Amino acid sequence: YPGIMEGNSIALKNTKHSLLSIVGEQYLQEVCAARAFMTGERQEELWAEATKEVEFFPDEFSGRLDELLEYTGKQAIDPLGDPVEGATTEAFKKATKTVKSPLSAYGFLRIGEDGRIYMVSKSEHYHAPLGHQFPGYRLIEQAKRLGIPNATHNNTRGTITRLLEEELIRTVNGIGKDDTEGLRKVLQSDAPHVINRVINLETGSLAVEAAVKQMLTRFYRLDKTYEAPMYAGKIPVFLVMADQEGGKEANYHGTTVLTQFMRGMWPEFYSLMERNGIFRVESVEINNEDDFTQKIEAFDNGKYKVAGFLHEIILMNYGGIKLTKEYLSKAYKICHAHDIPVLVDEIQSCMWSPELFLFREYGLQPDFVVVGKGFPGGEYPASRLLTTPEMDRLNLFGALVTNGQEELASLAYLITMAFAEDNKEYTRKTGDYYEKEIRKLGSDFNTIIDNVEGVRHLTTIVFKSPDDALAFTHHIDQQGVDISVQTYKANCAPASLLKIPLISSWKMIDFMIGKMRESLQKITSAT
């Protein structure tokens with residue numbers, strides 16, 4: 001493959017882990033003792049299950065995936081006859097493509113209800129960074145075998161969830177695996193912008209909502225037990241990324257009402273809030289340092305106070321545009337100087353960086369980090385809000401999510417993180433190679449491609465016309481490569497969105513690039 005020819009012969013590490021190596025001996029001994037007491041099973045047999053190693057990426061798994069590549073887009077089995085209609089809303093019905101709905105899935109491939117094989121080129125829309133049926137998740141089944149429950153409550157956070165909280169703090173601060181003293185110091189720190197708190201939630205929307213509520217507590221009391229806030233009487237102003245016409249369609253931070261206000265939804269409802277001085281949302285231009293400075297000068301004065309700056313790094317809901325390091329570095333410096341908390345929304349980018357958090361590659365110091373379903377690999381809905389002592393401002397019911405502390409969901413996090421940390425270099429090299437090949441396509445077909453956005457696995461091909469974007473997506477879909485196109489946002493250039501899994505092989509990448517080249521050649525030949 002070209003990647004190997006260029007010297008990138010690095011392969012995914014087939015590391016082995018047991019529950020013992022993931023969650024520790026003392027806890028597992030107690031788990032086995034408790035299970036033995038409850039069921040009468042022999043503790044020695046349970047311990048054997050607890051210490052049994054699982055291969056995370058065995059040769060037969062990776063080899064079979066590469067063997068199946070040639071069947072991508074082809075008929076594997078007969079189509080599903082008389083499919084169930086369901087009872088969803090009209091909006092969801094229009095969006096649903098049942099032919100692609102999964103009958104079975106394996107790694108970076110899926111068989112749809114039409115019986116065809118599809119490549120999961122969007123990682124199932126960020127849910128599956130390790131693809132489907134990742135072998136490492138067999139440890140979850142072993143945990144079930146030992147009787148470790150999933151359902152807990154906020155006041156019974158289990159050992160695995162508490163362990164995950166520490167692992168998230170370790171990795172978000174770039175602390176080595178064996179640096180227990182370094183982790184202890186961070187956990188005890190009360191210095192500004194040091195992230196050492198975790199709130200466990202179900203969805204990214206709720207995680208962002210919890211952060212917004214924490215920002216609002218500096219303006220309004222959560223309940224009558226709270227003292228007068230430091231900025232009481234000021235109108236809170238939230239800064240979000242603008243679209244290309246200065247509107248609010250470029251940002252996306254969830255589906256709660258507050259975050260929908262931020263992207264221009266509920267216009268009459270929001271207008272009432274703004275006119276009555278309850279709160280305000282202002283958009284800042286993409287990668288425009290001067291505009292950011294001007295917005296701070298205008299809305300961090302007088303009756304206004306900027307309550308927070310919310311941003312993604314890759315705007316995957318707006319053409320995959322990448323915010324530059326220079327822009328964000330200056331924005332953060334201004335925010336820190338003006339006591340403005342910053343939230344980096346890594347729902348889309350989490351796990352696709354070799355550092356597990358893309359903001360770390362930028363050298364940023366956010367006050368809130370939101371991560372989502374990429375971490376548990378699509379096995380469970382489980383998002384996390386990471387924050388600082390200064391912004392730890394909500395009581396229990398202020399951010400309550402009853403099922404946020406699920407133990408097996410936390411275990412899925414730990415498994416994904418272990419594999420990703422073991423394969424940092426593979427993620428970096430395959431991602432760099434993939435992005436370079438996509439950019440080469442952009443150069444070779446510059447008559448129809450305007451530019452390429454994004455970074456590594458998260459790339460976007462931006463076309464000069466919506467017709468060409470749709471034609472490309474149609475052609476590539478016929479080849480079994482499942483991507484999507486953004487042509488529905490009035491102010492966003494027509495773009496095809498891509499997000500390949502971290503387990504993508506060199507062969508898979510070259511296969512996908514080849515199919516893209518074929519599709520682009522068809523379009524240019526037709527024009």
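Only this structure's heavy atoms are used, side chains among them; waters, hydrogens and symmetry mates stay out. Just so you know, these numbers come straight off a predicted model, no measurement behind them. For reference, positions follow the sequence shown, starting with 1.
Of the N and O atoms on the side chains of Gln405 and Asn154, at least one donor lies less than 3.5 Å from an acceptor on the other residue. Checking Asp339 against Tyr231 by side-chain atom types alone, a donor-acceptor pair falls below 3.5 Å. Side-chain contact check for Asp223 and Thr225: at least one donor-acceptor pair (N or O, by modelled atom type) lies under 3.5 Å. For the residue pair Ser271 / Glu268, no side-chain donor-acceptor distance below 3.5 Å is found, with atom types taken as modelled. Remark: the Ser349 side chain and the Tyr126 side chain contain no N/O donor-acceptor pair separated by less than 3.5 Å.
Sorted by first then second residue, the side-chain hydrogen bond (donor to acceptor under 3.5 Å, both in side chains) pairs that include residues 179-191, not counting sequence neighbours, are Glu181-Arg184, Arg184-Gln188. Each salt bridge (charged side-chain N to carboxylate O under 4.0 Å, His left out) pair with one or both residues in residues 442-459, not counting sequence neighbours, appears once here: Glu361-Arg456, Asp432-Arg456, Asp444-Arg517.
Evaluated for a side-chain contact (heavy atoms from CB on, under 4.5 Å) with Ile321, the options Ile313, Thr460, Ile286 yield exactly one hit, Ile286. Each of Lys295, Lys303, Glu297 was compared with Phe299 under the side-chain contact (heavy atoms from CB on, under 4.5 Å) criterion, and only Lys295 meets it. Of the residues Asn317, Thr259, Asp345, the one that meets the side chain to side chain donor-acceptor pair (under 3.5 Å) test with His253 is Asp345.
Taking all atoms of both residues into account, the shortest heavy-atom contact from Cys350 to Ile347 is SG-O, 3.7 Å.
Contact check on Glu165 versus Arg162 returns no salt bridge, with no Lys/Arg side-chain nitrogen under 4.0 Å from an Asp/Glu carboxylate oxygen. Taking a cutoff of 4.0 Å between a charged side-chain nitrogen and a carboxylate oxygen, Glu435 and Arg439 qualify as a salt bridge. Salt-bridge check for Lys177 with Glu167: failed, with every basic side-chain N at 4.0 Å or more from each acidic carboxylate O. With respect to Asp422 and Lys13, no salt bridge is recorded, no charged nitrogen being found less than 4.0 Å from a carboxylate O.
A 6.0 Å sphere centred on CZ of Phe269 holds no more than 12 heavy atoms belonging to other residues, nucleotides or ligands.
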Determine whether Asp367 and His193 satisfy the following criterion, side chain to side chain donor-acceptor pair (under 3.5 Å), listing intermediate values before the conclusion.
CA-CA 5 Å; Asp367 302 280; His193 314 300; 2.8 Å; yes
Test ring-ring contact (aromatic ring centres under 6.0 Å, His included) applied to Tyr332 and Tyr362, step by step
CA-CA 11 Å; Tyr332 273 60; Tyr362 276 53; 9.3 Å; no
Using the rule given for ring-ring contact (aromatic ring centres under 6.0 Å, His included), can you reason through Phe238 versus Phe261, listing the C-alpha separation, both sets of side-chain angles and the distance that settles it, and then say yes or no?
CA-CA 10 Å; Phe238 292 93; Phe261 283 154; over 10 Å; no
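Judged by the 6.0 Å distance and 45° axis criteria, Arg384 is not positioned over the aromatic ring of Phe375.
Between Leu498 and Ile500, the closest side-chain pair of non-hydrogen atoms is not below 4.5 Å. Within the 4.5 Å cutoff, the side chain of Ile438 has heavy atoms near those of the Met516 side chain. Side chains of Met512 and Val481 form a contact here, defined as non-hydrogen atoms less than 4.5 Å apart. Taking the side chain as every heavy atom from C-beta outward, Val284 and Met241 approach each other to under 4.5 Å.
Under the 6.0 Å cut-off for aromatic ring centres, Phe279 and Tyr220 do not qualify, their centroids lying 6.0 Å or more apart.
Ring geometry for Phe309 against Phe292 counts as perpendicular: the plane angle is over 60°, on a 0 to 90° scale with 30° as the lower cut. Taking the six-membered ring where the residue is Trp, Phe419 and Phe57 present tilted rings, their angle falling between 30° and 60°. Between Phe472 and Phe463, the ring-plane angle classifies as tilted under the 30° and 60° cut-offs.
With Glu346 contributing its side chain and Phe359 its backbone, the two residues share a donor-acceptor pair below 3.5 Å. Under a 3.5 Å cut-off, the side chain of Lys234 and the backbone N or O of Phe219 do not form any donor-acceptor pair. Listed for the Lys248 side chain is a donor-acceptor partner under 3.5 Å among the backbone atoms of Val281.
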